[in-house]
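Have a look at the structure below before the remarks.
Note that the structure is a prediction, hence the values are computed from the model and not measured. All residue numbers in this chain count up from 1 along the given sequence.
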Amino acid sequence: MSWGTELWDQFDNLEKHTQWGIDFVEKYTKFVKERSEIELNYARQMRNLSKKYQPKKKDEDENKYTWCRAFHSTLNELNDYAGQHEVIAENMMSQIIAELTRYSQEIKTERKTHFHDGRKAQQHIEAGWKQLESCKRKFERDCKEADRAQQYFEKMDADINVTKADVEKARQQAQMRHQMASDSKSEYSSYLQKFNQEQNEHYYTIIPNIFQKIQAMEEKRIERMGESLKTFAEVDRQILPIIGKCLDGMTQAAESIESKTDSSQVIESYKSGFEPPGDVEFEDYGQAMKRTVSETSLTNSRSENKPERSSKSKTKTLWPFIKKNKGSNPEDFSHLPPEQRRKKLQAKIDDINKDIQKEMDQRDALTKMKEVYIKNPQMGDPNSVDPRLAEIAHNIEKLQVEAQKFEGWLAEVEGRMPVKSDTSRRTSTVYETQNSTPPTNNNCAQDRESSPDGSYTEEPSSEVQTSNESKVQPETAESGDEFDDAEEDMLPTIGTCKALYPFEGHNEGTIAITEGELLYVIEEDKGDGWTRVRRNEEEEGYVPTSYVEVFLDSNAKGAITYI
């Protein structure tokens, strides 16, 4: 069906219809734009929701449990899910809104051209019709004038009173009018033929062609609407696989929850390491005997004088019902139970080791850079790297000392006691060295005994004096005789060393040295970063291996030089 043949007389209605079609395209474009805004707002709200419930630093313990990790994974998948709705909005903006906006401008221009041509053709045919009417009216007037002139001539000719001259004049006038009527008739006939030809061309060629173009334009608009509606659905369909993966991720996160694992993690998180209290022993007041207290008793009573009690009978007392002090926590985590303290210390050591590794990586990179500068001076000054290298070396030393301090506390909490049968018969300083740390301050036992939360205490042995000046760690004072024997046995020297840097040696078991000082080596580094040296027969202790240059005797076992 062609608009040109069927709707040849519906120019005005077609003009209205096509304008309504363009308005509909603009309305649909506005609809898609509002939909894309909804998608963007939805995505933004979903992202904000996911961000709102993301774990904070203070909630980092949540990662221990599978159900918390599953929820965090769900939040991440929800964030990706929100991103797909942003993709919907972007695709609608680029594939529908931008295209239809551009197309609307094109179809408006095309429609304007077609209807301008149609209106021009219509005006032309209307002008031809007016001209035809004018010729027709002129022919009609001339015919009437010719009839009147003929009648007047006949009347004059029949009147005997009229002269021949008047009759001749009337005859000539009648002939002239007849000629004018004949000319008007010819002109009218000719223009009529021309108009009919133009009218036929107008209604069967020009207008059909114009209407055909308008029809093609309208059908194309309808097809574009169909394509756009299809795209509207495909934009959603394209992200369905990714949405499905997000939902699969949420399902997998839910299926990864393990109640048994979480239950075990509760034990790992809160296990104190204490033994439950045992039976309370019967105290017979009817006999003249010394009172005894169960080692696992929850009482906090301590005897002032226990000369018979050896250091091996230390009592660890658990106070599960005492309210914890809300003050600042000590650096060595001594406010925590042994098991939790061990975990905290180990985590701290791991963090320090990571920092040391980072510094070492920077040092290696700068060393390579310096080598490049030395080989290619035009690239840079090798000396410009030295200040940074010195700073890194200082940072590494500080971190190593820090790590050794925490390793000492870790060794303490793990209960690494000195071995009695050790041929070297080491004292408490040997015990600390075996645990790869400088000996810790002997006030640790005191701090632990009077921890602010009363979580646990260690009762000092009978060898320990009550004054603050003479407190000794109970773990190291096994018996007075063995301690004296360890002091009396002097280890032989196995080499010498020169101090490269000063070391203050505040911790127990260490010795202070000054730069350039020469000392005797009595025990080499066992891999823990400490070397045992002697200044004279009465002054010996441990110093950091990195602070000295060691020269072992050639006959010493595994003799090497530390620089």
Side-chain angles (χ1 to χ4, degrees), residues 54-66 68-69 72-73 76 261-262 264-273 324-367 388-416 432-441 443-444 447-448 451-453 455-456 501 503-504 506-507 509-510 525-530 542 544-547:
Q54 285 289 346
K56 305 297 186 297
K57 288 185 177 180
K58 62 180 181 179
D59 300 328
E60 57 186 9
D61 288 342
E62 290 185 2
N63 289 325
K64 296 179 180 178
Y65 303 102
T66 60
C68 290
R69 293 198 297 269
H72 299 161
S73 298
N76 293 332
T261 302
D262 290 340
S264 300
Q265 185 59 49
V266 175
I267 298 175
E268 290 295 322
S269 299
Y270 301 110
K271 180 181 178 182
S272 68
K324 291 187 177 182
N325 193 334
K326 294 184 179 179
S328 59
N329 297 329
E331 185 183 13
D332 62 353
F333 304 109
S334 58
H335 64 293
L336 298 175
E339 184 68 18
Q340 302 303 319
R341 185 185 181 196
R342 180 188 66 78
K343 292 180 181 178
K344 289 287 186 180
L345 290 171
Q346 186 61 57
K348 186 69 175 179
I349 292 171
D350 293 341
D351 291 341
I352 295 175
N353 288 335
K354 289 179 182 178
D355 293 339
I356 292 175
Q357 187 59 46
K358 289 180 182 178
E359 295 289 343
M360 288 182 173
D361 292 341
Q362 291 186 25
R363 180 189 62 188
D364 295 342
L366 288 174
T367 302
R388 179 58 181 157
L389 285 174
E391 180 184 353
I392 291 176
H394 179 67
N395 292 341
I396 291 176
E397 290 176 5
K398 285 177 62 178
L399 290 170
Q400 286 175 341
V401 172
E402 186 80 2
Q404 290 160 1
K405 178 176 65 174
F406 281 94
E407 286 171 355
W409 287 328
L410 179 62
E412 173 192 341
V413 78
E414 288 178 346
R416 298 179 182 176
E432 297 293 346
T433 305
Q434 288 174 338
N435 290 284
S436 306
T437 65
T440 58
N441 193 311
N443 288 332
C444 290
D447 295 340
R448 208 166 49 249
S451 59
D453 60 351
S455 59
Y456 72 97
Y501 312 101
F503 178 66
E504 297 181 357
H506 290 311
N507 292 334
T510 60
D525 189 344
K526 300 297 185 182
D528 53 12
W530 293 88
Y542 289 89
T545 303
S546 59
Y547 280 51

Steps toward side-chain contact (heavy atoms from CB on, under 4.5 Å) verdict (Asn76, Gln54): CA-CA 9 Å; Asn76 293 332; Gln54 285 289 346; 3.1 Å; yes
Can Gln357 and Asn353 be counted as having a side-chain donor-acceptor contact under 3.5 angstrom? no
On a heavy-atom basis, the closest approach of Leu410 and Gln346 is CD2-OE1, 3.1 Å
Can you list the steps and then say if Thr261 with Gln265 is a side-chain contact (heavy atoms from CB on, under 4.5 Å)? CA-CA 6 Å; Thr261 302; Gln265 185 59 49; 5.6 Å; no
Minimal non-hydrogen separation, Gln362 against Arg388, with atom names: OE1-NH2, 2.6 Å
Determine whether Ser546 and Gln400 make a side-chain contact, defined as any pair of heavy atoms from C-beta on separated by less than 4.5 Å. yes
OH (Tyr501) with more than 12 external heavy atoms under 6.0 Å: no
Taking every heavy atom of Leu345 against every heavy atom of Phe406, the minimum-distance pair comes out as CD2-CD2, 3.6 Å
Hey, could you give me the CZ/NZ distance between Arg342 and Lys271, rounded to the nearest 0.5 Å? 8.5 Å
For Arg363 and Leu389, work out which heavy atoms get closest and say how close. O-CD2, 3.8 Å
Interatomic spacing from CD in Gln404 to OH in Tyr542 - rounded to 0.5 Å: 13.0 Å
More than 12 heavy atoms of other residues, nucleotides or ligands under 6.0 Å from CD of Glu504: is that the case? no
Point-to-point distance, once rounded to the nearest 0.5 Å, from CD of Glu359 to NZ of Lys354: 15.5 Å
Quick one: CG on Asp351 to NZ on Lys348, what's the gap to the nearest 0.5 Å? 6.5 Å
Could you tell me whether the side chain of Asp262 and the main chain of Thr66 form a donor-acceptor pair under 3.5 Å? yes
Taking every heavy atom of Ile352 against every heavy atom of Leu399, the minimum-distance pair comes out as CG2-O, 3.4 Å
